[in-house]
Structures are given as C-alpha cells and as structure tokens.
Amino acid sequence: FDAHLALTNHYYVAGRITQAESHIRPCLSLAESSQDSDQLVSAHRIMGELAFYLGDLDCAIEHLGRAIEHYHVERQSALVLKLGDDPGILARPYLALSLWLKGEVGNAFKQCNEAIAEAEKFGHEYTLTQANFDTAWLHAIARSFESAKMFASKSIELCSNSKDEFRLYLGCASVLRGWVMTLEGNTTQGIKCIKQGMPLIEDTDAGICLGCFLPWLAEGLGHAGEIEEGLKVIRNAQETATDHFYDAERLRIEGQLRTHIDRDGARRCFQAAIDASRKASMKSLELRAALALHDFQLSQDEKVDIGGL
C-alpha cells in the first residue's frame, strides 16, 4: 500500500494523472481488503482528487465523501506523521470544489468552512496552509474576490513563517492573489505577483497546477491589453494541461482574448466552452460561459437567443 501511495503522489503532483490512477487503484483495493480506516481515508481522498481533475465530478464526490466517512479524528496525529498532512480535513475542499462546479453552491462553501475550522482546531501548519489555499481557490473560481484574497493571504503568511517544503503553496497562493489583483484593475502589480509565484510552482515540478494557473496568467495579460502574449500563454495551457475540470474555462478565457482580434474565433470558443461544461455537468461554468457569449453578442449588436442560452 505505502509503495503504491508514494508513486501515486509522485505522478499526481507532476500532473501525470493516468500513471497516478494506475497506482491508486491497487491502493484502494488493498484498503478495501484490509478495511484499515487510515488506508481507506487516504485512498478515497486521492481517488476523489484525481477524479476531480479529470472532470468526473460524480466520482469525485463519491470518493471524497467516503474519505470523510472513514475519517476518525482521534487518528489525526498518526495520519499526519505518516502522510505529512490530514487527509480527512483536506478531502473537504476538493469536495467543495466539485460541488460548486455542479452548481451546489451552498453546500460547497459549507464544506470549506468546516475544513478551515477543523484545521485551525488541529493546529497542524501544513494542513492549515493547504486548507486556506484550497478555500481561496474555491472563492477565486466563484469570483468571490475579497474572500479569495483573504484566504490566499493567510496561506502566504503561514508559508512565509515555515520551511522550504511550503514553497509550492507559497507559489500557488501568490499566483491566485496576483490573478485577483488583475481582475480588480491592478494589472501591473497583479501580473508581477503571478510571475513571481509561477517559478515556485515549476521548481516543485507541480505540473498538476499549470492547467489552471497558466490561464489565470493569460486572463491577467488580457486585462493588461497584452492580447498576443495572453493567447500564447493560453495555447501553452491547452497543450500541456492534463486535467479536464478546467477545459471550459480555458476555452472561455481564449474566447475573451479573441474578442479583440478574431470575433468568429471568440464565438467558437464561447460555444465550445458551453458545450464542454454541459457535457461534464458543470452547471456553474456552463452559466459563466453562456453569460460570456451573451455579453459578446450584445457587444456585436447581435440578436441574443436568451432561450437558447
């Protein structure tokens, strides 16, 4: 079990999801055979997170829910000593992200709030750092910018006071905070913050992060008027991404960039984003893509098919 789990985590962080799946499945099988609760929590958590990145939200919700069910708070210290973080607490933010994408907004924020409360009560810094970043990520994707900045700042503060192994989350939180700054109009400082954070992610070979964070850089560049550079970054994101949960957003962001130079291309991107999110049952992203197409059509003085949208 331990050998397969170690290989799973190696491939997972690198963004090699297929290889990670090939090792987590034996983990889950062994855990189910032994009925060891610690192993069940760990295996279901990672199965759920991988399913989330692949865009299989129902599978993600099922496994993450099982991880929480098998979690026993009295085993916290033993789990952290073995794994480095608390899998029961950290299953909740990915459950929250999956629920939000499906349109279950209220329950999503409830899960993140519970994760933060549990992490603060436990007091393990690495778990608390991750919980704060993941909560910031949920608020960022939901466009709740003030909350996103608040939780990202908490994560950065914890990273700044801690050891070198925290640098991945320092990079992630810095990119997130910079992206929010660009959308709020502080494009110069925001892009600078993103570019300072990206090397920290790349230095840890965390390829799993790039499919989401490169589009944030592209979007920020678009807000700064650097359209060609933004398109270059989004194409890189599309070519290198191994996840599918962010397929629709990568298409929508490309569409936003193309509105300035290629109207037909922009329209195709927005429609493709709607189709991708609908196929994956991601209601929140489908609505966002539909609104983007609606705004684009209004800007072109086109007749808007409200019923179709």
Side-chain angles (χ1 to χ4, degrees), residues 9 12-15 49 52-53 84-85 90 93-94 97 112 116 125-226 229-243 245-246 249-250 253 256-257:
N9 287 326
Y12 172 11
V13 173
E49 291 184 12
F52 164 79
Y53 280 104
D85 60 25
L90 295 175
Y94 274 91
L97 287 160
C112 265
I116 291 291
E125 282 198 346
Y126 194 52
T127 298
L128 184 57
T129 298
Q130 290 185 69
N132 273 288
F133 169 73
D134 290 343
T135 301
W137 190 15
L138 172 64
H139 283 281
I141 289 178
R143 297 297 201 266
S144 178
F145 295 138
E146 285 303 315
S147 294
K149 284 195 298 185
M150 179 184 73
F151 285 108
S153 295
K154 287 182 179 179
S155 186
I156 289 169
E157 182 180 354
L158 287 163
C159 291
S160 300
N161 296 333
S162 302
K163 298 177 182 178
D164 193 46
E165 62 262 27
F166 284 60
R167 69 186 185 279
L168 171 59
Y169 286 96
L170 177 59
C172 290
S174 298
V175 168
L176 188 154
R177 187 167 65 175
W179 172 70
V180 171
M181 291 167 67
T182 65
L183 297 190
E184 290 183 328
N186 190 358
T187 54
T188 301
Q189 190 62 33
I191 290 171
K192 180 181 178 181
C193 193
I194 294 173
K195 290 183 175 180
Q196 287 174 341
M198 289 300 293
L200 295 173
I201 298 170
E202 292 164 352
D203 287 348
T204 58
D205 295 323
I208 194 67
C209 301
L210 298 180
C212 177
F213 291 173
L214 284 173
W216 287 356
L217 174 57
E219 195 169 16
L221 290 166
H223 280 272
E226 299 181 39
E229 186 63 23
L231 283 168
K232 181 180 177 181
V233 171
I234 199 66
R235 282 193 293 268
N236 183 28
Q238 290 165 339
E239 290 168 2
T240 59
T242 58
D243 70 85
F245 88 99
Y246 221 61
E249 280 292 84
R250 285 188 285 268
I253 290 167
Q256 295 282 22
L257 291 164

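Nothing fancy with the numbering, it's 1 onward along the sequence. Here the structure is a predicted model, which means the values were calculated and not measured. Heavy-atom basis, side chains included; hydrogens, waters and symmetry copies ignored.
- Evaluation of the side-chain contact (heavy atoms from CB on, under 4.5 Å) rule for Q238 yields I234, R235, R250, L251, E254 as partners, not counting sequence neighbours.
- Atoms CD and CG, on Q130 and L158 in that order, are 11.5 Å from each other to the nearest 0.5 Å.
- Atoms CD and CG, from E229 and L257 in turn, are 11.0 Å apart once rounded to the nearest 0.5 Å.
- Once rounded to the nearest 0.5 Å, the distance linking SG of C212 with CG of L217 reads 12.0 Å.
- Of all non-hydrogen atoms in G230 and A218, the two that sit nearest each other are O-CB, 3.3 Å.
- To the nearest 0.5 Å, the span separating CZ on F133 from SG on C159 amounts to 10.0 Å.
- Nearest heavy atom pair, residue F213 against residue M198, reads CB-SD, 4.1 Å.
- Not a single side-chain hydrogen bond (donor to acceptor under 3.5 Å, both in side chains) links Q256 to another residue, sequence neighbours left out.
- To the nearest 0.5 Å, atoms CZ (F151) and CG (L138) are separated by 9.5 Å.
- Listed by first and then second residue, the salt bridge (Lys or Arg N to Asp or Glu O under 4.0 Å) pairs that reach into residues 206-217 come to none, sequence neighbours excluded.
- Nearest heavy atoms, L170 versus S160: CD1-OG, 4.4 Å.
- Checked against salt bridge (Lys or Arg N to Asp or Glu O under 4.0 Å), E249 has the following partners two or more places apart in sequence or in another chain: R252, R288.
- The line from CD1 of I156 to OG1 of T129 is 11.0 Å long, rounded to the nearest 0.5 Å.
- With sequence neighbours excluded, the residues forming a side-chain contact (heavy atoms from CB on, under 4.5 Å) with A206 are V13, L168, I201, T204, C209, listed by chain and number.
- Closest approach of A173 and A152 over heavy atoms only: CB-O, 3.8 Å.
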Under 3.5 Å, which donor-acceptor pairs link side chains of residues 176-193 to any protein atom two or more places apart or in another chain?
| residue | atom | partner | partner atom | Å |
| --- | --- | --- | --- | --- |
| R177 | NH1 | S153 | OG | 3.4 |
| W179 | NE1 | E219 | OE1 | 3.0 |
| T182 | OG1 | W179 | O | 2.6 |
| E184 | OE1 | K149 | NZ | 2.9 |
| E184 | OE2 | K149 | NZ | 3.4 |

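- When every heavy atom of A241 is checked against every heavy atom of G211, the shortest pair comes out as CB-CA, 4.0 Å.
- Judged as a ring pair (Phe, Tyr, Trp, His ring centres under 6.0 Å), and not counting sequence neighbours, the contacts of Y53 are Y12, Y94, F245.
- Taking W216 as the reference, Y246 meet the side-chain hydrogen bond (donor to acceptor under 3.5 Å, both in side chains) condition, with sequence neighbours excluded.
- Under the side-chain contact (heavy atoms from CB on, under 4.5 Å) criterion, N236 pairs with L214, T240, sequence neighbours left out.
- The heavy-atom pair separating R167 from L200 by the smallest distance is O-CB, 3.8 Å.
- For S155, the side-chain hydrogen bond (donor to acceptor under 3.5 Å, both in side chains) criterion is met by no residue, not counting sequence neighbours.
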